[in-house]
Amino acid sequence: MEAVPVDFEPSQAVPDETVHVARTVVAERGTLTSIALAPHETQPGTRFPNRPQGCYFDFNGSKPNGTSVRTQMGLGEKSSALVVDPLAQASPRVKSFPAPPRPRERYRVLQRWEGTITQVAGATFVAQLRDLTDPSHPLEVGEFSLDEVHEDDLGLLDVGAVFYWSVGYMHQALGQRRLTSEVRLRRITWTESELKHIDEPSALDQFFDVG
Amino acid sequence: MAQPICEVEGITVILVGHFNPALVQPAWLARNQLVRDAEANSADIQLIRSELSLFQVGPFTIQVELERFVVSIVDIGQAGPLRDLIVSIFALLNHTPVSQLGLNRMMHFRMPSEETYQRVGNVLVPKEPWTELLREPGVRSVTMLGKRPESAATRVQVTVEPSIKVMPRGIYVAVNEHFELGAQDAAPAMAALTTNWDAALVHARRVADAVVQVGIT
């Protein structure tokens with residue numbers, strides 16, 4: 001059976017670790033030329049005979065000196081990635097690379113808003129809130145305690161400052177579910193108007209065009 | 001009637017261009033006030049090298065390669081901060097050439113019943129043409145290409161698969177909005193990002209909701 005090419009985009013079909021391995025192969029050894037997903041039964045000697053999905057990834061690449069690199073990884077492989085260097089025929093050299101950080105919790109957002117601070121007074125601040133979950137909702141006004149704000153964000157609090165507020169459930173690894181509320185002040189080094197004007201001709205451009 | 005529930009969700013932004021992996025690291029982000037100091041100090045650094053940088057800082061997972069820049073979140077409540085972070089990074093690194101941009105929203109739904117779960121696959125890919133050819137035909141993956149109205153994106157790709165994160169009765173829907181930019185610097189990518197951010201995310205969710213709803217109706 002012919003191998004099926006796999007799009008090298010983040011997808012659940014290509015586990016993060018597998019993508020990471022492929023990219024590490026690229027970074028460590030040269031250029032990745034192809035990735036294929038092939039059924040087990042067509043590949044004798046596979047290292048993953050018991051994978052429920054019955055497939056593995058086959059990475060082919062080339063080193064800068066032109067020699068080829070090939071490595072395989074099972075679909076659904078979750079452990080730290082092992083990369084076998086097939087160029088060492090007698091005794092395959094096995095390298096271990098760190099897997100990408102995996103989230104320990106998962107989140108289910110119930111609602112999120114973008115707020116613009118209109119007043120800061122004492123231990124509270126007032127903001128106009130735009131519903132990001134359903135933008136058709138009208139603007140709302142809310143009052144927040146400064147205790148809601150992370151201490152590293154307090155210096156950003158000012159009238160006109162923008163923040164994001166989300167409310168939802170955090171599901172922890174052991175099955176515990178907690179209702180969470182987070183306020184995060186916007187940190188930017190740009191303004192939207194600056195961005196919009198990037199592609200527009202400057203006064204100098206217009207001067208030379210006219211000239 | 002019970003409805004599908006989106007139990008796991010994430011956003012990934014991918015930039016293709018020429019990057020400096022060793023430059024982008026938690027301390028640099030904190031120094032430029034793009035993340036909280038506490039987040040930078042507690043960052044989970046997997047690898048920082050000249051060819052590959054990989055770490056988690058606050059809610060952001062960042063992977064920088066020589067030709068790819070990938071930032072992900074698994075808490076959709078951090079969507080706005082994710083956009084701000086990327087645009088701010090490339091406001092500082094504004095001469096970075098970025099040729100492609102991908103906005104990806106991935107969602108894992110749990111269907112309320114086995115029947116509704118099966119119906120999604122049956123409606124998207126009717127089994128009739130396959131029953132003569134295969135025993136127990138089942139949908140492994142469906143990919144559709146198209147465009148989003150009012151978007152300058154080159155294409156929108158929707159992928160529907162059985163979920164491997166939500167089981168049983170889990171359906172995975174990923175929506176990728178892809179921009180071909182061919183630019184000499186980062187400005188067009190950042191303009192595309194900010195212009196399309198909210199609409200692309202809302203559209204992705206609308207697509208996913210519609211896909212799983214075919215199992216209900």
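Residue numbering restarts at 1 for every chain, and letters A, B, ... go by the order of the sequence lines. It should be emphasised that the depicted structure is a prediction, and the values quoted were computed from it without experimental measurement.
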Quiz item: Out of B:Ser50, B:Pro21, B:Gly77, which one racks up the most heavy-atom pairs below 4.5 Å with chain A?
Solution: B:Gly77

Practice problem: Could you tell me if the ring centre of A:Phe163 sits under 6.0 Å from that of A:Phe144? | Solution: yes

For [X], is it the side chain, the backbone, both, or neither that has a heavy atom closer than 4.5 Å to a heavy atom of chain B?
X: A:Arg184; answer: both
X: A:Glu182; answer: side chain
X: A:Asp153; answer: side chain

Quiz item: Counting heavy-atom pairs under 4.5 Å to chain B, which of A:Tyr169, A:Tyr164, A:Trp113 comes out on top?
Solution: A:Tyr164

Practice problem: Pick whichever of A:Glu114, A:Arg112, A:His150, A:Arg108 has the most heavy-atom pairs under 4.5 Å with chain B. | Solution: A:His150

Quiz item: Given a strict heavy-atom distance threshold of 4.5 Å, which part of B:Ile5 is in contact with chain A: side chain, backbone, both, or neither?
Solution: side chain

Self-check item: Region of B:Asp198 in contact with chain A, defined by heavy-atom distances below 4.5 Å
Solution: side chain

Quiz item: Take atom CD in B:Glu136; do more than 12 heavy atoms of anything else shown fall under 6.0 Å from it?
Solution: no

Quiz item: Do B:Tyr172 and B:Ile164 have side-chain heavy atoms sitting under 4.5 Å apart?
Solution: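 SC-SC contact between B:Tyr172 and B:Ile164 ruled out.
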
Quiz item: Is the shortest heavy-atom distance from the side chain of B:Ile89 to the side chain of B:Phe69 under 4.5 Å?
Solution: yes

Quiz item: Any sub-3.5 Å donor-acceptor pair from A:Arg187's side-chain atoms to B:Gln33's backbone N or O?
Solution: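 Yes, A:Arg187 side chain to B:Gln33 backbone: donor-acceptor pair under 3.5 Å.
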
Quiz item: So, for B:Phe179 and B:Ala152, which heavy atoms are closest and what is the spacing to 0.1 Å?
Solution: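 Where B:Phe179 meets B:Ala152 most closely, the heavy atoms are CE2-C, 4.0 Å.
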
